[in-house]
Amino acid sequence: MPASRPWLTRKTRVITALLAVAAALAACGGGAAPDGTVAPAAATPRQRALASLPEPRIPDAEALLDWAERTYPDLFPLHQRTSTWTTYQYRYYPQTGNYVGVSGDTVAVMGPLSGGALKVVGTRADFRCLVYPQDCVAPTITVQPVDTSVVMGTSAQLSVVASTQLVAYQWYREGVLIPGAESATLTIANPALTDDGQAYSVVVANTLGSVTSRTVRLNVDASASAVELNACREITAPGRYVLAHDLNAAGTQPCITIRDVAGVQLDCNQHALRGDLVNGGGALALRRVQTFSVRNCRFSATTLELADVTTGSLVGNTLAPLLAAQPASVQASNVFGMRFANNTLTDATYHQRFSFGNVFRDNQISARAGTPVSAGVLTSTWGGNNRIFANVLDGRWDGTPGTVNGADAGVMLQDESGTTVEDNTISRVHGCGIEWLGKLATATLQRNQIAQAGVCGIGGADWASLVSSTMRDNRVRQVPTLFGFTRVYGLRPARFEDGFQRPADTAAEFRDNLFEGNRLEEPFAGTNPSAYMPLFNRLGYTPGSVSSIIGERALVAADFVIARNTFRSNDFGQVLAAPDFGGTPVTGMVTDGGGNRCKPPPLPYPLSCQ
């Protein structure tokens, strides 16, 4: 047998140094990859990305033997060619008499330092993090995606570059996962005008960590050419319109009115549109418009009007009052499928009615300080399936206990269903950070940061009911109480509101809701409980109480439907008294899901407080 292959003909030796390294790596988890297997429906963005993680790179014989030479030149000096014999690929180093080789998946060594016994030091997979260290650290993003502009119908591409190859990608549009978008480059085929201003981001992940890219914007021009606007006017024909300079309204009509048209884009190019302070003309009105885009405008007006509009966007605009003494507002009615994003409203608020399927994202809205007060910084009434996320909402309350100034709530909802309020930062309101009047059903309020509210973090009042809704992972601080709920009035008749669309109330409900992972921090000192939800006392209703609505009926015992409300892993703190559920527990109304933390309550009590 050839003398140059003695490790195949006699007992060989192990290199103890490599064995020690391999053992140490196995002990600290640096060899084999951690178990990153997740179900496709995993909850977090990182877990969703990991569902498409590529298989780890396993070094082949050449890569592993090259690594051994680089890492241990005293044991394997100078580069040697790879030899083969039967199933083995190996290198022999005559200067030291050492051998290192690979047979299939097995890695073995021999040499004078081993004492003569052939030893297996691991598998090729055990060495992957040594050979490819960049695959075994949490990823970073070395090149971020950037804002991209295209003409309607022309495909666009967004891309990201990660610090390592062994990563998974998952792209998101408007914070929602894009199925199948799992590569470093995202192609957006034939974007339409309705895509203008959409936000995209990507999560890059491996089993050791994840990172989310910056959010970028897709700008879609309605056409390559544009109509230049040099004066205030009506727009009734489709196309792309661009402001040439600042424009000022003169008279009682808005400077720009877009009406009775589909397929219109207004780009102000950061020029100003101003209302008429003397005669009351506004800056902009959209009336009976479909498929629209309004962007890059600096509005100065008392009111922006949106009425009967469908499928469009207002992105990257600003709004401020004409006079500091007059707050500004966006007044929207019958708005469907609109995206309101990256806007800045100063001394202003947003109000919509009878509106469905709208997205409010990444806006900064600050109400006017002092009086008169506004109901909410962002208000949605008699609508549904709206999504309000990642906004910064400031009610400008002065923080004096018991005073009413600034905005009542950061987000105010009335009679909404299917609406989501998540990841918002809400501060300085004299009422509750998030508040609802009327029936709130199938809603999700989660991961909101609420601070400095005069009444509560999250609560309902007046005709409030809560049905099949989730309050999860909200962080609330510097408030009197985490949750506040009181039923004040009775049952309203059908068509009670000025739009004559609402059905009659049928019950006062608080059922099938989940309160999970919410946290109260730095509460205002006082005798109030950490939450006030009098479920055991008919929602705190005063018998006979009704509002001024004609035809409203007072509640009777049979009108209350209170059942199956689960509280799990909430932290009410131990400064204020435990949540007040209204006296002696009633079976079936409150379910203890476990893990709740609160000050020890008087017994009997529906929750086991830690």
Side-chain angles (χ1 to χ4, degrees), residues 25-59 63 123-148 156-189 198-218 341 359 361-362 387 389-390 420 422-425 444 446-449 472-473 475 516-517 569:
L25 284 168
C28 69
D35 183 9
T37 304
V38 296
T44 69
R46 175 180 174 235
Q47 290 170 325
R48 291 188 180 109
L50 285 176
S52 60
L53 186 67
E55 289 297 319
R57 287 194 294 174
I58 306 300
T123 66
R124 289 187 296 122
D126 292 333
F127 287 87
R128 74 175 190 85
C129 287
L130 294 170
V131 179
Y132 304 123
Q134 67 272 28
D135 288 356
C136 296
V137 295
T140 61
I141 292 175
T142 56
V143 179
Q144 292 277 358
V146 297
D147 294 345
T148 300
Q157 282 194 334
L158 303 172
S159 63
V160 66
V161 178
S163 57
T164 176
Q165 297 180 28
L166 189 65
V167 293
Y169 302 91
Q170 179 59 64
W171 288 88
Y172 289 78
R173 178 175 49 238
E174 298 293 328
V176 177
L177 181 147
I178 305 173
E182 299 171 354
S183 65
T185 298
L186 173 69
T187 299
I188 306 162
Q198 284 195 333
Y200 290 84
S201 62
V202 59
V203 173
V204 183
N206 64 17
T207 57
L208 298 177
S210 65
V211 60
T212 301
S213 75
R214 65 186 291 260
T215 298
V216 297
R217 178 171 149 184
L218 175 65
V359 173
R361 169 186 54 77
D362 293 310
R387 187 171 179 222
F389 75 104
T420 297
E422 61 186 355
D423 298 312
N424 299 286
T425 300
T444 300
Q446 63 184 5
R447 300 188 305 273
N448 297 287
Q449 306 281 326
R472 177 185 288 122
D473 296 331
R475 181 183 176 187
E516 180 178 36
S569 301

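From a predicted model like this one, the values you see are computed outputs, not experimental measurements.
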Say you draw a straight line from [atom1] of [X] to [atom2] of [Y]; how long is it, rounded to the nearest 0.5 Å?
X	Y	atom1	atom2	answer
Arg475	Thr425	CZ	OG1	10.5 Å
Asn448	Asp423	CG	CG	7.0 Å
Ile178	Tyr172	CD1	OH	10.0 Å
Asp147	Tyr200	CG	OH	12.5 Å
Asp362	Glu174	CG	CD	8.5 Å

Can you give me the closest heavy-atom contact between [X] and [Y], atom names plus distance?
X	Y	result
Asn424	Ala390	OD1-N, 3.3 Å
Leu177	Gln170	CG-NE2, 3.5 Å
Ile141	Val211	CG1-CG1, 3.7 Å
Ala63	Val131	O-CG1, 4.0 Å

So does [Y] get a backbone contact from the side chain of [X], meaning a donor-acceptor N/O pair under 3.5 Å?
X	Y	answer
Trp171	Gly180	no
Thr164	Gln134	yes
Arg124	Pro59	yes
Thr140	Ser163	no
Arg57	Gln165	no
Arg214	Pro145	yes
Asp135	Cys129	no
Asp473	Arg447	no

- Let me see the working for Leu218 and Ile188 under side-chain contact (heavy atoms from CB on, under 4.5 Å), right down to the final yes or no. CA-CA 9 Å; Leu218 175 65; Ile188 306 162; 3.9 Å; yes
- Do Thr187 and Gln157 get their side chains close enough for a donor-acceptor pair, meaning under 3.5 Å? yes
- Note on the structure: Exactly one of Val203, Leu166, Leu208, Val167 clears side-chain contact (heavy atoms from CB on, under 4.5 Å) with Pro139, and that residue is Val167
- Taking C-beta and beyond as the side chain, do Val216 and Thr148 meet within less than 4.5 Å on heavy atoms? no
- Message: Measuring only between side-chain heavy atoms, which start at C-beta, is Tyr169 closer than 4.5 Å to Thr185?
- Response: no
- Message: Strictly below 4.0 Å, N to O, side chains only: are Arg387 and Glu422 in salt-bridge contact?
- Response: yes
